[in-house]
Every structure is written in structure tokens, then in C-alpha cells.
Amino acid sequence: MELDIRPRRLRANPILRKMVRETRIDASSLIYPLFVTEGRQKKEAIRSMPGQYRYSVDGMGEKLTELAQAGVSAVMLFGITENKDEIGSSAYAQDGIVQRALFWAKREFPQMYFITDVCMCEYTSHGHCGILHGQDVDNDQTVESLAKIAVSHAQAGADMVAPSDMMDGRVRMLRHALDIHGYEQVPVMAYSAKFASSFYGPFREAAGSAPAFGDRKTYQMDFHNRREALKEIALDLAEGADIIMVKPAMAYGDLIREAKELSNVPVAAYSVSGEYAMVKAAAQADFIEEERMICELAACAYRAGTDLYITYFAQELAGYIKEGKIG
């Protein structure tokens, strides 16, 4: 055949394939979600997420050491408390679980970067992400509490705060509250397009945050909607978000790409608990090659436009990058 253009020429050699790779991944862009719980010397296995654990504050060191050695320098903290009430007051308590974890971790691991999830579902007795008015979440009252939570996290040492509630106007309120308290340099990573997804099931078991009644569809987004997601992203950008996020990652690559094109700030994607659990279950059944699946999922998220990748596989991915299996 007489062909002037042969795309396969650039696929013929493994060194060349890596030279011309369009999507590159670096361990510095990985963020590991870590569950911290009450008690002492705890490491509780999470049934629905094999290989993931809830750590007490004094038990976090083991995992943080592993992450640091692997090359993962950023962690997102999720607090699990026994002190729940109707208004989630322990979320902004000075001696709250995340606040204590930050005090300890910033002292023991100053080289690491700590992001905090700002939400109320783990702290409310009803499991919803805000303060109830009847059986509905009161948006404006909830936003005031979220601002208090963000400030308390910054006071405890948070390097970044990440509101995950999907309340209207919360980015503006958090930014204002942080600024007036002297935390102008603390960035806000907004869960901008967070969908009411069935992929979250294992997380709710891990965090003990399933709603006691109803669901979260009045605040988390309908997964049928694309334009609404872009509107939410545009609003968060206008309100001062430093980073925007699409959640979940695996089935939402189209929106990651559109977020990238719309935004002039970094784009994060959260590879959520359901994605992790499916990979683990399929690998344990010997239906897939786990390592290759982890790498492919990550590469696809980055190819779509992800700048920061939040994943329970962060440690493994950092290892695969060092070994040249992805990157």
C-alpha cells in the first residue's frame, strides 16, 4: 500500500510511545481521601472498601508515612464523630475530630498538604448535609454553618478547604469568612458539579453518613443534566473558587472536559468510593487486572482534563508512576 500517513509509526516502539504521549500524570497531582475517627490506636477496616480504613488521630501516622514514602503529598480529611446532633455542631467545634487531626498531622507531617472536606452529613443526627427546616435542608442557615466549619479548619491548620454540600452561595460565604478572619491565603476547592450518584454507597458506610430519611436530590445534582453542571461551575468561579471539582469521575468525563474548557482555574475530579469498590470486587473475582484498570481509569480522567485527581488508589498510582507503568 502506498500511504503517506501511517499513524502506527509512532506506536512501534515503547520509548517512542511514551515520548509522544499526550496525557501525563505526576504523583504531585494525587490526593488521598483519609477517614479519621474518634478513639485511640484505631485502624478499622471498611467492609465495602477493601484495603481502606478509619484511623484514629494517633493512628494516622502509619498511613501518612506510607503516602509520603510513595510520593503522595496531599490528603483530604473526612471526620467521623460520635458526637452528632441536629445542627452538626461538632463539625466546627475547636476540639472536633478534624480539628484535632489537623493539629496533630500538621505537627508530625509538616511536609504534607492537608485539605478538609467541609460538610455536615457526618456530624448531623439525621445524616443530611445541612440544617433542617422540617424535612428540607435550609440553604442559607446551612451556609452560615459551613462558613464556621471552614474557619475552624483554617484555625486548626488546614491548607485548603473543600465544601462538598452543594448549597447555593456557599463558596462566596466561605471565601468572605476566611478573608475576614485573616485566612486570605487558604484556597477553596469547590465541589462544583457534585451529582446525586449511586457511586457514593460505600462512602456512606465508611463515614456513617447515610441520610435517616429521603435522599440528597434537592441539593446534589441530577445526573441527567449537563447545562446545569456548567451553570454550577460558572457560579462557583464567579464566587471565587480557586479550584473546581467534578464528582464522580469515571462516568463523568464529558463534564470534566467541559469544566476544563470553561474554567481558568485547576479542575479536580474525585474517583469515588463506588469506583474503588467496583475495581476491588472485580479484581478479587479475577475478572480484571487491577493494576491495569487503576492506571486506565486515572489516565482517562487526566485525558478528559483533570489537573488534580482525588482517589483511594493514590498510593498505588504513585508507585506505578515511579515504575513507569503510567505517567
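All residue numbers in this chain count up from 1 along the given sequence.
Classification of Asp222 and Lys217 as a salt-bridged pair fails, no side-chain N sitting under 4.0 Å from a carboxylate O. Using a cut-off of 4.0 Å between Lys/Arg side-chain N and Asp/Glu carboxylate O, Arg175 and Glu239 are scored as not salt-bridged. For Lys63 and Glu66, the salt-bridge test passes: some basic side-chain N is under 4.0 Å from an acidic carboxylate O. A salt bridge links Glu258 with Arg226; the closest basic N to acidic carboxylate O contact falls under 4.0 Å.
Side-chain contact of Asp117 with Ser164: a donor-acceptor pair under 3.5 Å is present, judged by distance alone. In this structure, a donor-acceptor pair under 3.5 Å is absent between the side chains of Tyr32 and Gln315. A donor-acceptor contact closer than 3.5 angstrom is absent between the side chains of Ser56 and Glu38. Between the side chains of Thr142 and Asp138, no donor-acceptor pair of N or O atoms lies under 3.5 Å. Side-chain contact of Ser29 with Tyr302: a donor-acceptor pair under 3.5 Å is present, judged by distance alone. Residues Glu232 and Ser192 bring no donor and acceptor atom of their side chains to less than 3.5 Å of each other.
Of all the heavy atoms in Leu146 and Val118, the pair that sits closest is O-CG1, 3.7 Å. Contact between Ser125 and Glu86 at its shortest, heavy atoms only, is OG-OE2, 2.9 Å. Closest approach of Ile321 and Ala27 over heavy atoms only: CD1-N, 3.7 Å. Here the shortest heavy-atom pairing between Thr311 and Pro33 reads O-CD, 3.3 Å. Scanning all heavy atoms of the two residues, the minimum distance from Ile244 to Ile233 falls at CD1-CG2, 3.4 Å.
Cluster partners of Leu3 are Met1, counting Ile, Leu, Val, Met, Phe, Trp and Tyr whose side-chain heavy atoms approach within less than 4.5 Å, directly or via other members.
Remark: Lys247 qualifies as a cation-pi partner of Tyr200 under the 6.0 Å distance and 45° angle criteria applied to the six-membered ring. Judged by a 6.0 Å distance limit and a 45° cone about the ring axis, Lys43 is positioned over the six-membered ring of Tyr53.
Between Phe35 and Phe203 the shortest side-chain heavy-atom distance falls below 4.5 Å.
Here Thr124 contributes atom OG1 and Ile131 contributes atom CD1; the two are 9.5 Å apart, rounded to the nearest 0.5 Å. Summarising the geometry, atom CE belonging to Met293 is positioned 4.0 Å from atom CD1 belonging to Ile288; distances are rounded to the nearest 0.5 Å. In this structure, NZ in Lys148 is found 5.5 Å from OG in Ser145, a value given to the nearest 0.5 Å. Rounding to the nearest 0.5 Å gives a distance of 10.0 Å between CG of Asp242 and CE of Met189. In this structure, CD1 in Ile243 is found 8.5 Å from CG in Asp307, a value given to the nearest 0.5 Å. For the atom pair CD of Glu275 and CZ of Phe313, the computed distance is 9.5 Å after rounding to the nearest 0.5 Å.
Remark: the backbone N or O of Val265 is paired with a side-chain donor or acceptor of Ser263 at under 3.5 angstrom. Panel note: side chain Arg100, backbone Asp95; a donor-acceptor pair is recorded below 3.5 Å. Arg17 places a side-chain N or O within donor-acceptor distance of the main-chain N or O of Arg11, the cut-off being under 3.5 Å. Side-chain atoms of Tyr183 do not come within 3.5 Å of backbone N or O of Ala150 as any donor-acceptor pair. Not one N or O on the side chain of His176 forms a donor-acceptor pair closer than 3.5 Å with the backbone of Arg172. Side chain of Arg303 to main chain of Thr23: no donor-acceptor pair is present (N/O by atom type, distance under 3.5 Å, no hydrogens or angles). Formation of a donor-acceptor pair under 3.5 Å by the Gln99 side chain with backbone atoms of Ala91 is found in this model. Of the possible polar contacts, none joining the Asp165 side chain to the Cys119 backbone as a donor-acceptor pair under 3.5 Å is found. Asp26 places a side-chain N or O within 3.5 Å of a backbone atom of Ser28 that can act as its donor or acceptor partner.
Ring orientation note: the planes of Tyr270 and Tyr191 are tilted relative to one another, at an angle of 30° to 60°.
Within a 6.0 Å radius of CE in Met278, more than 12 heavy atoms belonging to other residues, nucleotides or ligands are found.
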Could you give the side-chain donor-acceptor pairs of residues 153-163 under 3.5 Å, partners two or more places apart or in another chain?
from, atom 1, to, atom 2, distance (Å)
His153, ND1, Thr116, OG1, 2.8
Asp159, OD1, Lys106, NZ, 3.0
Asp159, OD2, Lys106, NZ, 3.0
Asp159, OD2, Phe114, N, 2.8

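Residue pairs meeting the ring pair (Phe, Tyr, Trp, His ring centres under 6.0 Å) criterion with at least one member in residues 216-265, sequence neighbours excluded, are Phe195-Tyr252.
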